[in-house]
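Remarks on the structure that follows.
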Amino acid sequence: MKLLKRLKKLMSEDIQPHSPEKMDKIRKDESKKIAIEIHEQNQQMRVSKAIGRSGIKKRHQDCSFDNFVIQNSGQQHALNEAKAFRDDLLNGRACGGFVFAGTPGTGKNHLACAIANQALQQGLSVLVITVAELMLKVRDTYRQDSTISEKELVSFLSNVDFLVIDEFGVQHNTKNERLTLSYIMNERYTLEKPTGVLTNLEGDELVTTLGLTTSDRIMEDCKWVTFNWPSFRTNRRW
């Protein structure tokens with residue numbers, strides 16, 4: 001109490017020190033805030049571990065813009081769009097995401113993982129996952145020995161800095177898949193988190209898979225890039 005009195009004398013009249021009760025409340029509120037942050041970080045770590053960290057396969061861990069093969073103007077355009085998205089992502093500018101659409105072997109994964117690799121190097125959280133893998137992870141949360149809940153998994157997928165969903169359209173397209181994907185995409189839209197979609201679907205087919213509302217949100221601020229050249233694998237130049 002004597003200390004408080006001395007402080008009052010030193011302070012100007014318009015500044016009043018907190019009472020012991022107020023200070024105790026501030027300490028409790030701060031401790032609660034820290035506890036919540038630690039709990040959320042632990043949740044993120046558990047989910048990340050369960051999913052497999054970035055999800056970038058060994059084949060794509062060395063993918064970069066420099067080793068993307070350019071043989072025609074379409075590939076140059078795709079590279080330019082990928083770089084532009086990368087620049088927006090790394091500089092914190094609003095970027096809704098992208099859709100890389102085309103047949104297998106045309107470099108969709110290469111450019112998506114080139115972006116992801118650079119994002120990881122800049123300290124962003126990244127996940128590259130196929131629809132089949134995503135749904136398998138969701139089903140795994142129903143197991144009694146699961147270390148994470150479905151809510152925690154979906155929250156992680158909704159909040160990761162950069163999410164790439166591969167093989168969009170290859171799934172069984174069940175009601176549960178559509179609902180899960182739509183929920184995650186809508187959450188990321190609300191949180192302004194960029195999402196990359198790799199697919200062999202056309203625009204109308206994407207609407208059928210996700211529904212009109214979710215598709216509209218994807219396309220609102222999204223780069224659609226068509227990969228319409230022969231497979232690199234077929235040509236054995238990939």
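By convention here, the first residue in the shown sequence is residue 1. Heavy-atom basis, side chains included; hydrogens, waters and symmetry copies ignored.
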Is it true that a side-chain atom of [X] and a backbone atom of [Y] form a donor plus acceptor pair closer than 3.5 Å?
X      : Y      : answer
Asn228 : Gly102 : no
Asn72  : Gly74  : yes
Asn117 : His60  : yes

Under the side chain to side chain contact (heavy atoms under 4.5 Å, CB included) rule, what do Phe227 and Thr103 come out as? Steps first, then yes or no, please. CA-CA 7 Å; Phe227 290 60; Thr103 53; over 6 Å; no

Would you compute the distance between atom [atom1] of [X] and atom [atom2] of [Y] and round it to the nearest 0.5 angstrom?
X      : Y      : atom1 : atom2 : result
Tyr189 : Cys222 : OH    : SG    : 12.0 Å
Arg143 : Thr141 : CZ    : OG1   : 10.5 Å
Cys113 : Arg59  : SG    : CZ    : 11.5 Å
Glu152 : Ile148 : CD    : CD1   : 7.0 Å
Ser146 : Lys137 : OG    : NZ    : 10.0 Å
Thr130 : Glu167 : OG1   : CD    : 5.0 Å

Before giving the answer on ring-ring contact (aromatic ring centres under 6.0 Å, His included), spell out for Phe100 and Phe85 the whole-Å C-alpha distance, their side-chain angles and the decisive distance to 0.1 Å. CA-CA 12 Å; Phe100 289 170; Phe85 176 85; 8.1 Å; no

Can you find a side-chain donor-acceptor pair between [X] and [Y] that sits under 3.5 Å?
X      : Y      : answer
Ser125 : Asp161 : yes
Asn67  : His110 : yes
Arg188 : Thr195 : yes
Asp166 : Asn109 : yes
Asn80  : Gln76  : yes

Can you name the nearest heavy-atom pair linking [X] to [Y], along with the distance?
X      : Y      : answer
Val69  : Gln75  : O-OE1, 3.6 Å
Ser158 : Leu191 : O-CD1, 3.6 Å
Met135 : Asn176 : CE-ND2, 3.6 Å
Phe65  : Ile115 : CZ-CG1, 3.8 Å
Thr199 : Leu201 : OG1-N, 2.9 Å
Phe98  : Ala112 : CZ-CB, 4.1 Å

When hydrophobic residues are tied together by side-chain contacts of less than 4.5 Å, even through go-betweens, does [X] share a cluster with [Y]?
X      : Y      : result
Trp224 : Leu181 : yes
Leu198 : Leu79  : yes
Tyr183 : Ile129 : yes

Count the heavy atoms of every other residue, nucleotide or ligand shown that sit under 6.0 Å from CD of Glu202, and state whether that count exceeds 12. no

Is the count of non-hydrogen atoms from other residues, nucleotides or ligands lying under 6.0 Å from Asp62 atom CG greater than 12? no

Checking side chain to side chain contact (heavy atoms under 4.5 Å, CB included) for the pair Phe156/Val154: CA distance, chi angles, key distance, verdict? CA-CA 5 Å; Phe156 176 83; Val154 172; over 6 Å; no

Of Leu153, Leu157, Leu134, the residue whose pairing with Thr180 passes side chain to side chain contact (heavy atoms under 4.5 Å, CB included): Leu134

Please examine the side chains of [Y] and [X], heavy atoms only from C-beta on, and report whether any two atoms are closer than 4.5 Å.
X      : Y      : answer
Val138 : Glu150 : yes
Ile184 : Leu163 : yes
Met185 : Ile165 : yes

When you look at Leu90 and Leu124, which way does the side chain to side chain contact (heavy atoms under 4.5 Å, CB included) test go after all the steps? CA-CA 8 Å; Leu90 299 188; Leu124 298 182; 4.0 Å; yes

Test side chain to side chain contact (heavy atoms under 4.5 Å, CB included) applied to Lys83 and Leu111, step by step: CA-CA 9 Å; Lys83 285 182 175 180; Leu111 288 181; over 6 Å; no

Using a strict 4.0 Å threshold on nitrogen-to-oxygen distance, state whether Lys57 and Glu133 make a salt bridge. yes

With sequence neighbours left out, the residues meeting side-chain hydrogen bond (donor to acceptor under 3.5 Å, both in side chains) with Glu81 are Lys223

